[in-house]
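Report on the following structure.
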Amino acid sequence: MTENMTEKKLLRVAVIGGDGTGPEVTAEAVKVLQAAARLENFEIEFHDFDLGGERYLKTGEILPEEVFQELKTFPAILLGAIGHPDVPPGVLERGLLLELRFRLDQYINLRPVKLYPGVETPLKDKGPNDIDFVVVRENTEDLYTGVGGFLKKGTPDEVAIQTAVFTRKGCERCIRWAFEYTRRRNAKKRLTLVAKTNVLTYGHDLWRRTFQEVAKEYPDIQTDYNHVDACCMWMVKNPEFYDVIVTTNMFGDIITDLAAILQGGMGVAAGGNINPEPGGTSMFEPMGGSAPKYTGKGVINPIAAIAAGGMLLEQAGFASAAAKINRAIQVVTGTKMKSQAAGKMGYSTSQVGDLVVEALGAL
Ligand code: IPM
Ligand code: MN
């Protein structure tokens with residue numbers, strides 16, 4: 001049978017380049033995904049979506065309903081960055097990023113924390129074998145729901161209330177997913193719950209009880225608990241202790257910035273907003289922002305976006321292509337790039353993309 005007669009698998013990917021350097025880094029991820037698809041003999045169809053600060057400033061639209069409905073038909077979205085210096089903080093974050101996470105019910109925010117070879121970490125005496133864990137952050141509840149309000153706003157007696165919402169269903173589905181993920185990740189099989197049960201005696205009590213109940217179904221997984229403040233300390237002192245961390249939305253947001261710096265910064269840190277249900281739409285993004293000061297200069301690091309592309313393939317069922325992208329990235333960080341900082345890589349943004357493509361071909 002010739003290649004043409006074989007039915008190739010097709011993956012449809014929506015691309016939201018977004019603001020600032022977002023489109024520059026997604027372009028490199030697209031390039032690498034195309035190369036991986038050629039190597040692994042499947043096809044990817046990319047569809048560009050014009051969303052973000054520019055569109056909002058021009059038309060007032062953030063996420064028009066028909067665009068949302070179209071995005072929902074894709075199994076995966078690749079997102080560059082959202083954030084524009086002329087748009088007040090919160091407008092695009094809530095209107096686009098959080099809106100997509102919530103409405104697409106992407107209840108897992110998966111953030112692998114891996115120090116690639118050749119990448120500098122601020123931790124003294126720690127290397128790639130020490131910094132290799134994953135944070136599973138709940139992605140649809142907590143302080144992020146926007147429940148709250150003001151009383152007597154603008155007066156000296158002003159009251160502001162911002163409520164953290166936790167549900168049994170919301171924490172259970174996240175905790176259960178984290179157990180499953182821990183089971184298949186490696187031989188360590190350790191899952192640490194990070195919360196603040198000594199102070200948040202309602203919401204985090206619900207988390208603790210749910211974690212303990214679900215743990216009974218996973219006797220092969222070693223479980224553990226850290227208060228979030230202690231976790232910040234341990235993550236810096238003994239990162240090698242961690243395998244998988246499961247945590248709440250707000251704490252997950254904070255500890256994954258700490259973790260990102262340990263793995264070499266925003267140039268390399270990637271994340272996935274995953275809806276694991278059949279037919280769900282997941283969204284993958286570099287953790288860095290839109291970096292206005294580097295925009296259009298070809299100096300921003302695309303590794304995080306490329307790694308996000310690898311995660312996308314993994315979730316979409318192309319595990320071997322994903323693994324290859326991971327290995328190619330490590331060849332490039334380990335043997336080519338001088339630094340992971342914007343403008344200091346020793347290569348331009350698109351040259352780094354080319355290097356990953358080249359490394360893929362040579363694997
Ligand atoms: C992140 C970001 C977002 C968050 C912001 C931009 C709303 O910090 O993805 O971690 O808080 O979740
Ligand atoms: Mn964050």
Side-chain angles (χ1 to χ4, degrees), residues 25 29 32-33 36 76 78-79 101 106-121 123 126-139 174 177-192 194 231 235-236 239-247 249 251-276 282-288 301-334 340 356:
V25 295
V32 171
L33 290 188
L78 183 65
L79 175 69
R101 286 179 183 170
Q106 295 165 338
Y107 59 84
I108 300 298
N109 193 327
L110 182 65
R111 298 196 160 170
V113 184
K114 186 171 170 51
L115 181 66
Y116 294 130
V119 177
E120 229 179 289
T121 174
L123 296 189
K126 299 291 178 190
N129 290 332
D130 304 307
I131 302 172
D132 183 5
F133 60 95
V134 171
V135 179
V136 177
R137 163 185 173 191
E138 199 288 324
N139 212 27
C174 175
W177 193 90
F179 271 101
E180 290 289 334
Y181 184 82
T182 307
R183 186 174 263 174
R184 66 174 187 268
R185 183 173 127 86
N186 61 26
K188 220 165 170 180
K189 296 202 196 307
R190 176 186 289 145
L191 180 63
T192 305
V194 169
C231 168
M235 198 182 278
V236 170
E240 65 280 359
F241 175 80
Y242 293 110
D243 176 16
V244 181
I245 289 174
V246 63
T247 190
N249 203 349
F251 288 173
D253 176 48
I254 298 166
I255 68 170
T256 54
D257 264 34
L258 174 62
I261 282 300
L262 305 187
Q263 71 176 125
M266 293 301 170
V268 292
N273 304 274
I274 298 174
N275 176 335
S282 299
M283 177 165 72
F284 299 83
E285 46 174 339
M287 267 179 67
N301 189 346
I303 290 289
I306 295 169
M311 293 178 73
L312 185 156
L313 290 188
E314 164 100 45
Q315 177 63 24
F318 298 92
S320 128
K324 281 189 176 168
I325 291 179
N326 234 302
R327 295 213 311 274
I329 288 175
Q330 298 189 37
V331 169
V332 174
T333 61
Q340 299 303 314
V356 177

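These numbers come from the heavy atoms of this one structure, side chains and all, not from hydrogens, waters or symmetry mates.
The shortest heavy-atom contact between P286 and A308 is N-CB, 4.1 Å. In plain terms, the two heavy atoms of L312 and A76 that are nearest each other are CG-CB, 3.6 Å. Across L313 and A36, no two heavy atoms sit closer than the pair CD1-CB, 4.3 Å. Between A29 and A305 the shortest heavy-atom distance is CB-O, 3.5 Å. Contact detail for G272 and M311: the closest heavy-atom pair is N-CE, 3.6 Å. Taking all atoms of both residues into account, the shortest heavy-atom contact from P128 to P117 is CG-CA, 4.2 Å.
For R137 and W177, the positive end is not near the middle of the six-membered ring at less than 6.0 Å and at most 45° from its axis. Judged by the 6.0 Å and 45° rule, R190 forms a cation-pi pair with F241.
Residues D257 and M266 meet the side-chain proximity criterion, which asks for heavy atoms closer than 4.5 Å. Between V134 and Y242, every side-chain heavy-atom pair lies at or beyond the 4.5 Å cut-off. Residues F133 and K188 fail the side-chain proximity criterion, which asks for heavy atoms closer than 4.5 Å. Q340 has its side chain out of reach of Y116: every pair of non-hydrogen atoms, C-beta onward, lies at least 4.5 Å apart. Contact check for I325 versus L33: side-chain heavy atoms found under the 4.5 Å cut-off. Put simply, the side chain of L110 reaches to within 4.5 Å of the side chain of Y181, judged on heavy atoms. Within the 4.5 Å cutoff, the side chain of L115 has no heavy atoms near those of the K126 side chain.
Atoms OG1 and CD1, from T333 and I303 in turn, are 6.5 Å apart once rounded to the nearest 0.5 Å. For the atom pair CD1 of I245 and OG1 of T182, the computed distance is 10.5 Å after rounding to the nearest 0.5 Å. Annotation: the span from M235 atom CE to L262 atom CG amounts to 7.0 Å, rounded to 0.5 Å. With rounding to the nearest 0.5 Å, the separation of CG in L258 from CG in D253 is 12.0 Å. Note that CZ of R111 and CG of N273 are 7.0 Å apart. Values are rounded to the nearest 0.5 Å. I329 CD1 to I306 CD1: the interatomic distance, rounded to the nearest 0.5 Å, is 6.0 Å.
For F179, the ring-ring contact (aromatic ring centres under 6.0 Å, His included) partners two or more places apart in sequence, or in a different chain, are F211, Y218. In this view, R327 satisfies the side chain to side chain donor-acceptor pair (under 3.5 Å) rule with no residue, not counting sequence neighbours.
Using modelled atom types, one side-chain atom of Q263 and one backbone atom of K114 make a donor-acceptor pair closer than 3.5 Å. Side-chain N or O atoms of T247 include one that pairs as donor or acceptor with a backbone N or O of V194 at under 3.5 Å. Looking at T121, its side chain never comes within 3.5 Å of a backbone N or O of G264 through a donor-acceptor pair. Between the side chain of D132 and the main chain of N129, no donor-acceptor pair closer than 3.5 Å is present. Of the possible polar contacts, none joining the D130 side chain to the P239 backbone as a donor-acceptor pair under 3.5 Å is found.
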Inset, instruction - Using the side-chain contact (heavy atoms from CB on, under 4.5 Å) rule, take V136 and C174 through it: C-alpha gap first, then chi angles, then the decisive distance, then the call. - result: CA-CA 8 Å; V136 177; C174 175; 4.1 Å; yes
Inset, instruction - Determine, stepwise, if the pair V135 / N109 fulfils side-chain contact (heavy atoms from CB on, under 4.5 Å). - result: CA-CA 8 Å; V135 179; N109 193 327; over 6 Å; no
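Screening residues 252-276 for ring pair (Phe, Tyr, Trp, His ring centres under 6.0 Å), with sequence neighbours left out, gives no hits.
Around CD of E240, the count of heavy atoms belonging to other residues, nucleotides or ligands within 6.0 Å exceeds 12.
A salt bridge is defined here as a Lys NZ or Arg NE, NH1 or NH2 lying under 4.0 Å from an Asp or Glu carboxylate O, and D243 with K189 fails to meet this definition.
Judged by distance alone, the side chains of N139 and Q106 never bring a donor and an acceptor atom under 3.5 Å apart.
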